[in-house]
Amino acid sequence: MRSHTATVRLLGESDGAPEEWSVPRWSIGQAAERTGVSADTLRYYEREGILSPAGRTSGGLRRYSELDLEKIACAHWLRRAGVPLTTIREFDSLRDGGRHTLTGRKKLLEEHLEELARRREEIDSSMISIQAKIAKYDRLIEERQ
């Protein structure tokens, strides 16, 4: 089992990726289309240090590699999961550090999962309170009719 695990390539990791995946070839528009992340968001991720600066053409236009697209997809997935920008930066940095950072990456995700569980409890409690208030309004409205 251990040897099989070592061959698994994770999203955005250069370990095990074909060399040509590092070649910048996609424009920002193409990268946006391929990842489902807007060009504005790509620029924002770059400004905020979530993504390393994209490669540039001699004319200064951004170019993204296949690995960049995977990193974009991973960052976007983390962002949609509510992971803070600072944590995504740290995750990206760890991922770029190679396989010896797996434990650190796992720890970041576990900490965020704990935070989501805490927030879920708060949301569940809020929903119960709101449902009780709605039921109270229903009773008052029904009494008025």
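Here, residue 1 is the first one in the sequence, and each next residue gets the next number.
- Listed for the Glu66 side chain is no donor-acceptor partner under 3.5 Å among the backbone atoms of Trp21.
- Within the 3.5 Å criterion, the main-chain N or O of Gly97 finds no donor-acceptor partner in the side chain of Thr101.
- Using a 4.0 Å cut-off between a side-chain N of Lys or Arg and a carboxylate O of Asp or Glu, Arg99 and Glu13 qualify as a salt bridge.
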Derivation and outcome, side chain to side chain contact (heavy atoms under 4.5 Å, CB included), residues Thr87 and His112: CA-CA 9 Å; Thr87 304; His112 186 65; 5.7 Å; no
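- Closest approach of Leu94 and Gly104 over heavy atoms only: CD1-C, 3.7 Å.
- Under the 4.5 Å side-chain criterion, counting only non-hydrogen atoms from C-beta, Tyr64 is not in contact with Thr35.
- Both Leu85 and Leu109 belong to a common hydrophobic cluster when Ile, Leu, Val, Met, Phe, Trp and Tyr are linked at side-chain heavy-atom distances under 4.5 angstrom.
- Note that the CD atom of Glu115 and the CG atom of Leu113 stand 10.5 Å from one another [nearest 0.5 Å].
- Atom CD of Glu19 has 12 or fewer heavy atoms from other residues, nucleotides or ligands within 6.0 Å.
- A salt bridge does not link Lys71 to Asp68: none of the charged nitrogens lies less than 4.0 Å from a carboxylate oxygen.
- Between Glu70 and Gly12, the closest heavy-atom pair is OE1-N, 2.8 Å.
- Nearest heavy-atom pair across Cys74 and Phe91 is SG-CE2, 3.9 Å.
- Under a 3.5 Å cut-off, the side chain of Ser65 and the backbone N or O of Val23 do not form any donor-acceptor pair.
- Taking the side chain as every heavy atom from C-beta outward, Arg79 and Tyr45 approach each other to under 4.5 Å.
- Leu42 approaches Ala32 most closely through the heavy-atom pair CD1-N, 3.9 Å.
- Taking a cutoff of 4.0 Å between a charged side-chain nitrogen and a carboxylate oxygen, Arg139 and Glu143 do not qualify as a salt bridge.
- Between Arg89 and Glu48 a salt bridge is recorded (basic side-chain N to carboxylate O distance below 4.0 Å).
- Note that the CZ atom of Arg118 and the CD1 atom of Ile123 stand 9.5 Å from one another [nearest 0.5 Å].
- Taking CD1 of Ile128 as the reference point, atom NZ of Lys133 lies at 15.5 Å (rounded to 0.5 Å).
- Taking a cutoff of 4.0 Å between a charged side-chain nitrogen and a carboxylate oxygen, Glu114 and Arg120 do not qualify as a salt bridge.
- Of the possible donor and acceptor atoms, none in the side chain of Ser125 sits under 3.5 Å from a partner among the backbone N and O of Glu121.
- Electrostatic pairing of Arg25 and Glu20 does not count as a salt bridge here, judged by no charged N lying under 4.0 Å from a carboxylate O.
- Arg144 CZ to Ile141 CD1: the interatomic distance, rounded to the nearest 0.5 Å, is 8.0 Å.
- Side chains of Tyr44 and Leu51 form no contact here, defined as non-hydrogen atoms less than 4.5 Å apart.
- Interatomic distance, OG of Ser22 versus CG of Leu67, reported as 4.5 Å (0.5 Å rounding).
- Cluster membership check: Ile50 shares its hydrophobic cluster with Trp77, using side-chain heavy-atom separations under 4.5 Å among Ile, Leu, Val, Met, Phe, Trp and Tyr.
- Taking the side chain as every heavy atom from C-beta outward, Glu90 and Leu108 approach each other to under 4.5 Å.
- Residues Val83 and Leu102 do not share a hydrophobic cluster, clusters being chains of Ile/Leu/Val/Met/Phe/Trp/Tyr side chains in contact below 4.5 Å.
- Within the model, atoms CZ of Arg63 and CD1 of Ile28 stand 10.5 Å from one another, a figure rounded to the nearest 0.5 Å.
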